[in-house]
Protein chains: 2
Amino acid sequence: MDATVKRKARSPKSARPPPLLAVEPVQESDGAHLELRIWLRLLSCATRIEKALNARLRKEFNTTLARFDLLAQLARKPEGASMSEVSDLLMVSNGAITALVQKLEADGLIHREVSSEDRRTFRLRLSQDGAKEFGRMARRHEEWVIALIGELSPVAQSDLLQHLTLLKRRLDKYT
Amino acid sequence: MDATVKRKARSPKSARPPPLLAVEPVQESDGAHLELRIWLRLLSCATRIEKALNARLRKEFNTTLARFDLLAQLARKPEGASMSEVSDLLMVSNGAITALVQKLEADGLIHREVSSEDRRTFRLRLSQDGAKEFGRMARRHEEWVIALIGELSPVAQSDLLQHLTLLKRRLDKYT
DNA sequence: CGATAATGGTTCATAATTGAAATATTATTG
DNA sequence: CAATAATATTTCAATTATGAACCATTATCG
């Protein structure tokens, strides 16, 4: 689905611009710029994986990717983190974080204590229960991700990671 | 932001599993599985780009990526498409498509005619106005995407596309 | 010090998305 | 042909995210 739809070769109104690189095998080479096609693929891969993970988190743990991601961020910060830190990390609005945190706290998965130095801010930490529950989820989550991506050869994976890392760096500068 | 947070090397409780490939230069190698890191990068790149595009579409054309994507799908299908086809293409629920289509039709950007053979389905097509407006947006959209991704070398781009295509194929089978 | 700015969070109205139930039409099959 | 299943779409309640206005606290600096 998505951009991979087979196209019945339409009226060849005007010759397509030659492909920049004639590497790709099957692919609908749409004549579109490489960048555009990368973006479409990227988006479609990401949404696919995201939906799969979300569905499974829902079914197996009755939770969402947003909650899981928040827990994951806290899990890697034993010092704790403030609301806005988390908001930045997850690239999610402050308002959303407030709601998320409220629920997670109500469920006893995280603690929230007012910072002693700055009474505007909170320090969020994983609770014991939170850490345990996150552990369970993280294991399954990892299995799922490995199942989804793991069929790529180690070399392909390593390449892909490098390219994505490069792209991310550019985006960091540019956005 | 995101997974790029620097980590102060914590208590090295147990030796980390050796990296599968010792290729990556700077990167916070978290000891996490390659697949997990790919997924995190992928997600963060995708959301970054998505947010950037959405913001610009909003500012410059007062529209959204969802609307734009729907128009784009119709633009590449002069024969038209049904609601569910579009719903599949965009990986968006049927309900959402109904709403989207209603607005786009109200704005005069698309036509919607009942199919003659099957009176359950509609054929959606770009209207004249829709095609023109889409053209304008598409040009800008492409510029933005090129600006965001185009700093990668052509080789890197081509590689990236190939890997994403590979990944997408696996996902197609798996999901 | 005291005024003003900046920062951290919350609230709230708005918008978008989902999934399930409902409706209408077409297909199947006994 | 009638009953039942399958398909295409709509409706609707529930969930979630966004961004702007707002409150409280801390920083800045004249």
Side-chain angles (χ1 to χ4, degrees), chain A residues 1 43 46-48 50-59 61-71 73 80-107 110-125, chain B residues 43 46-48 50-59 61-71 80-107 110-125:
Chain A
M1 316 184 164
L43 180 60
T47 30
R48 284 289 269 273
E50 193 173 7
K51 283 188 194 256
L53 293 179
N54 231 323
R56 291 166 195 195
L57 278 173
R58 170 86 60 202
K59 192 192 298 182
F61 297 99
N62 190 38
T63 190
T64 69
L65 204 45
R67 286 169 56 106
F68 176 76
D69 286 344
L70 178 23
L71 294 183
Q73 293 302 339
S82 73
M83 307 279 281
S84 357
E85 276 176 288
V86 167
S87 163
D88 284 348
L89 290 169
L90 300 194
M91 300 197 284
V92 147
S93 73
N94 260 345
I97 293 294
T98 298
L100 260 180
V101 163
Q102 277 170 353
K103 275 195 232 128
L104 286 171
E105 197 189 14
D107 293 352
I110 67 181
H111 287 314
R112 155 209 272 203
E113 50 197 42
V114 236
S115 157
S116 38
E117 317 105 31
D118 186 339
R119 272 179 303 176
R120 290 170 299 182
T121 81
F122 296 103
R123 281 229 95 50
L124 309 176
R125 282 177 224 275
Chain B
L43 180 60
T47 32
R48 285 289 267 274
E50 191 172 9
K51 280 185 198 258
L53 293 179
N54 232 325
R56 292 167 196 194
L57 278 173
R58 168 87 58 203
K59 193 190 298 180
F61 297 98
N62 189 37
T63 191
T64 69
L65 204 47
R67 286 170 57 105
F68 176 77
D69 285 345
L70 178 23
L71 294 182
S82 73
M83 309 278 282
S84 355
E85 276 177 287
V86 167
S87 163
D88 285 347
L89 290 169
L90 300 193
M91 299 197 284
V92 147
S93 75
N94 264 342
I97 294 294
T98 298
L100 262 179
V101 162
Q102 276 169 355
K103 277 195 231 128
L104 288 171
E105 196 188 14
D107 293 351
I110 69 180
H111 287 314
R112 155 207 272 202
E113 49 196 45
V114 235
S115 158
S116 39
E117 316 106 30
D118 187 338
R119 275 179 301 181
R120 287 170 303 184
T121 82
F122 295 104
R123 280 229 97 48
L124 309 177
R125 283 176 223 276

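Letters A, B, ... are given to chains in the order of the sequence lines, protein chains preceding strands, and every chain is numbered from 1.
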Exercise for the section: May I ask you to decide whether A:Glu117 forms a salt bridge with A:Arg123, counting only side-chain N to carboxylate O separations under 4.0 Å? Expected result: no
Find the distance between [atom1] ([X]) and [atom2] ([Y]) and round it off to the nearest 0.5 Å.
{"X": "A:Phe122", "Y": "A:Met83", "atom1": "CZ", "atom2": "CE", "answer": "6.5 Å"}
{"X": "B:Leu53", "Y": "A:Leu43", "atom1": "CG", "atom2": "CG", "answer": "9.0 Å"}
{"X": "A:Leu124", "Y": "A:Gln73", "atom1": "CG", "atom2": "CD", "answer": "12.0 Å"}

Would you kindly give the [atom1]-to-[atom2] distance between [X] and [N], to the nearest whole Å?
{"X": "B:Arg67", "N": "C:dA15", "atom1": "CZ", "atom2": "C1'", "value": "13 Å"}
{"X": "B:Met91", "N": "C:dT17", "atom1": "CE", "atom2": "C1'", "value": "14 Å"}
{"X": "A:Glu50", "N": "C:dT18", "atom1": "CD", "atom2": "C1'", "value": "14 Å"}
{"X": "B:Asn62", "N": "C:dT14", "atom1": "CG", "atom2": "P", "value": "17 Å"}
{"X": "B:Glu113", "N": "D:dA8", "atom1": "CD", "atom2": "C1'", "value": "16 Å"}
{"X": "B:Leu90", "N": "C:dT18", "atom1": "CG", "atom2": "C1'", "value": "15 Å"}
{"X": "B:Leu65", "N": "C:dT17", "atom1": "CG", "atom2": "C1'", "value": "15 Å"}
{"X": "A:Leu104", "N": "D:dT16", "atom1": "CG", "atom2": "C1'", "value": "14 Å"}

Handout entry: Partners passing side chain to side chain contact (heavy atoms under 4.5 Å, CB included) against B:Thr64 (at least two apart in sequence or in another chain)
Key = B:Asn54, B:Arg58, B:Ala66, B:Arg67
Problem - Of A:Ala81 and B:Leu100, the one whose closest DNA chain C nucleotide lies more 5' - result: A:Ala81
Taking N or O atoms only and anything under 3.5 Å, show me the protein contacts with nucleotides 9-15 of chain D, one pair per line.
residue, atom, partner, partner atom, Å
D:dT9, OP1, B:Met83, N, 3.4
D:dT9, OP1, B:Phe122, N, 2.9
D:dT9, OP2, B:Met83, N, 3.4
D:dT9, OP2, B:Ser84, N, 2.7
D:dT9, OP2, B:Ser84, OG, 2.3
D:dT10, OP1, B:Arg112, NH1, 3.3
D:dT10, OP1, B:Arg112, NH2, 3.0
D:dT10, OP2, B:Thr98, OG1, 2.8

Exercise for the section: Using the closest heavy atom to pick a nucleotide of DNA chain D for each, name whichever of A:Asp118 or A:Ala66 lands nearer the 5' end. Expected result: A:Ala66
Completion exercise
Whichever of A:Arg119 and A:Val92 has the more 5' nearest nucleotide on DNA chain D, that residue is A:Val92
Quiz: residues 89-105 of chain A side-chain donor-acceptor pairs under 3.5 angstrom, not counting sequence neighbours:
residue, atom, partner, partner atom, Å
A:Ser93, OG, A:Ala96, N, 3.3
A:Asn94, OD1, A:Ser87, OG, 3.4
A:Thr98, OG1, A:Asn94, O, 3.3

